Amino acid sequence: MKVIIIDPGHGGNDPGAVNKNSFEKTYNLAIAKKIQSYLQNNYEVKVLMTRSSDATVSLDERTDYANKQMADFYLSIHQNSGGGEGFESYVYINVGAETKKIQNAIHARTSAVINKYGARNRGQKKANFHVLRETKMPAVLLEVLFIDNAANLALLNRQDFQNEVSAAIASGVAAGLSLKQKQQETKDLFITIAGAFEQKENAEARVRFLADKKISAFIDEETISNKKYYRVQAGAFQKRDNAEAHVMKIRALGIKDAYVIVKGEDNGQGPAPEPPKPEPPKPVPPKPVPPAGLTIQGTILLAADEIERFVRKVNPNAPELAALYVQIGQVYGIRGDAAYAQAIHETGYFRFQGSVKASQNNFAGIGATGKTEGAAFKTPEEGVLAHIQHLYAYSSTEPLPPQYPLVDPRFDLVQRGSAKAWNQLNGKWAVPGTNYSNMILEIYKLMLNETKAHLQERVNQIDKQLKEI
């Protein structure tokens, strides 16, 4: 039986990264315990922890313990900080193929969950960390989101996110180490396959298509009847009915080669059933001509710190909302930086000098008419979410993404898809509002030009430094 060491980073007198009353050590331990539970409940494996409570454990004590146990794998769990956002994984600078294989398996499954929740996949990296250097077995260190990023921290506080990301990490560990699944669990795990391909690039195209539809998926190589397939796994369920329902959802997207397999059917019980013959990728229909002007949905151009720098030149006391607009906007495909420009217009650079008060967290003026204060939201995150959902109602006819509950009280009052571009909000968001979108876009242009000038200044500084070297 293989032995795995899970190392929840920091602990005791060492809190790790801190964001007000949130401590990295707490999230590390919570996620590590969930990974341990998932592995022990589903696989034939021995899982040990470097700490199981809020205890102070030195780096030497952690790696010495792992080496003494002659473990087969070492996994260190951390949260990041320093102004960024997203997930990344690390291995030591000089590692072999086995360690890279494990990192690949963990990163693929974990990043699928990260992408589902709208956070950034920062990639697979190498570093000279003590726990990666001093362990005598394959070792991987994970940085699960940024604790100093408001949107990332909001995800870390959600139990559904913790459960999904922990299960994904554990599943990656099991795949990378080829762990044997417990027999009683094998009978109850039904896997949704969204296509099987002989060419890997076709499988990758299918994964991207599903990601656009807010469905997490990853590629699992499988040899059936001496032939290699790249199967796209898009879900795992303990009840067949749930797996079949997910297949129907996938087929409704036009993917006819979706089906269910039972996990472990091909483990000593003969080959798994042949999958349906893979369909060639369907030609992508030409996209409709977009409306004139900047679309509400699209790619964000400004980072959270660039947005914050702009607003604080006018109002140094503006609330920290940019990270929420970036994060939540990505989930809905909305330009979060342009939405922030709309919030600036609606709130007067967050000075709230109109009918809407700061305590309402109503940054979009939803329901406010000048005579009434409009809607009120419990938290700033809920207010940003309502703003993005209201823009989504105007710009899209698709169902709401499942990551967040509906909080916009006027979502169903909007004619869905009636404003694909910002200039189409005139007379809709604000009445009569003939220049409404122009005022938003002027602020957005100021934000872009401000950042452009800042970047040019940095380029000039770098050029000057290079000349002095």
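The model shown is predicted, which means the values in this text are computed figures rather than measured ones.
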Could you list the residues that satisfy ring pair (Phe, Tyr, Trp, His ring centres under 6.0 Å) with Y392, not counting sequence neighbours? Y332

Out of curiosity, Q461 CD to L466 CG, how far, rounded to the nearest 0.5 Å? 12.0 Å

Heavy-atom side-chain contact between H246 and I215 under 4.5 Å: yes

Identify the two heavy atoms, one from S396 and one from E398, that lie closest to each other, and give their separation to 0.1 Å. OG-N, 2.9 Å

Look at atom NZ of K2 and say whether more than 12 heavy atoms of other residues, nucleotides or ligands are closer to it than 6.0 Å. yes

Name each donor-acceptor pair under 3.5 Å that joins a side chain in residues 338-345 to protein atoms two or more places apart or in another chain, with its distance.
from, atom 1, to, atom 2, distance (Å)
Q342, OE1, H387, NE2, 2.7
Q342, NE2, Y436, OH, 2.9

About how many Å separate CG of N438 and CH2 of W422, when rounded to the nearest 0.5 Å? 13.0 Å

Quick check with a 6.0 Å cut-off and a 45 degree axis cone: is R62 positioned over the face of Y74's six-membered ring? no

Please round to the nearest 0.5 Å and tell me the distance separating atom OG of S395 and atom CG of L425. 9.0 Å

Tell me which one of N149, N152, N80 satisfies side-chain hydrogen bond (donor to acceptor under 3.5 Å, both in side chains) with E85. N152

Does V331 reach the side chain of I388, with side-chain heavy atoms less than 4.5 Å apart? no

Are a donor atom and an acceptor atom from the side chains of S437 and N423 found within less than 3.5 Å of each other? no

Looking just at side-chain N and O atoms, do T379 and E382 make a donor-acceptor pair shorter than 3.5 Å? no

Does E204 have more than 12 heavy atoms from other residues, nucleotides or ligands lying within 6.0 Å of its CD? yes

Between the side chains of N460 and Q456, is a donor N or O closer than 3.5 angstrom to an acceptor N or O? yes

Would K378 and N361 count as a side-chain hydrogen bond (donor to acceptor under 3.5 Å, both in side chains) here? Give the steps. CA-CA 7 Å; K378 295 178 182 178; N361 295 312; over 6 Å; no

My understanding is that only residues two or more places apart in sequence, or in another chain, count here; which of them pass side-chain hydrogen bond (donor to acceptor under 3.5 Å, both in side chains) with D408? H390

How many angstroms lie between atom NE2 of H454 and atom CZ of R309, to the nearest 0.5 angstrom? 4.0 Å

Counting heavy atoms not belonging to R410, are there more than 12 under 6.0 Å from its CZ? no

Examine the side chains of Y394 and Q424 and answer whether a donor and an acceptor come within less than 3.5 Å of each other. no

Scan for side-chain hydrogen bond (donor to acceptor under 3.5 Å, both in side chains) pairs involving residues 133-145, sequence neighbours excluded, and state none if there are none. N128-R133

The criterion is side-chain hydrogen bond (donor to acceptor under 3.5 Å, both in side chains); which residues satisfy it with D60, sequence neighbours excluded? H130

Flag side-chain contact, heavy atom, 4.5 Å: L153 against S22: yes

May I ask you to check whether over 12 heavy atoms, not counting those of N13, lie within 6.0 Å of atom CG? no

Under 3.5 Å, sequence neighbours excluded: what are the donor-acceptor pairs made by side chains of residues 89-98?
from, atom 1, to, atom 2, distance (Å)
S89, OG, Q103, NE2, 3.1
S89, OG, H107, ND1, 2.8
Y90, OH, E88, OE2, 2.8

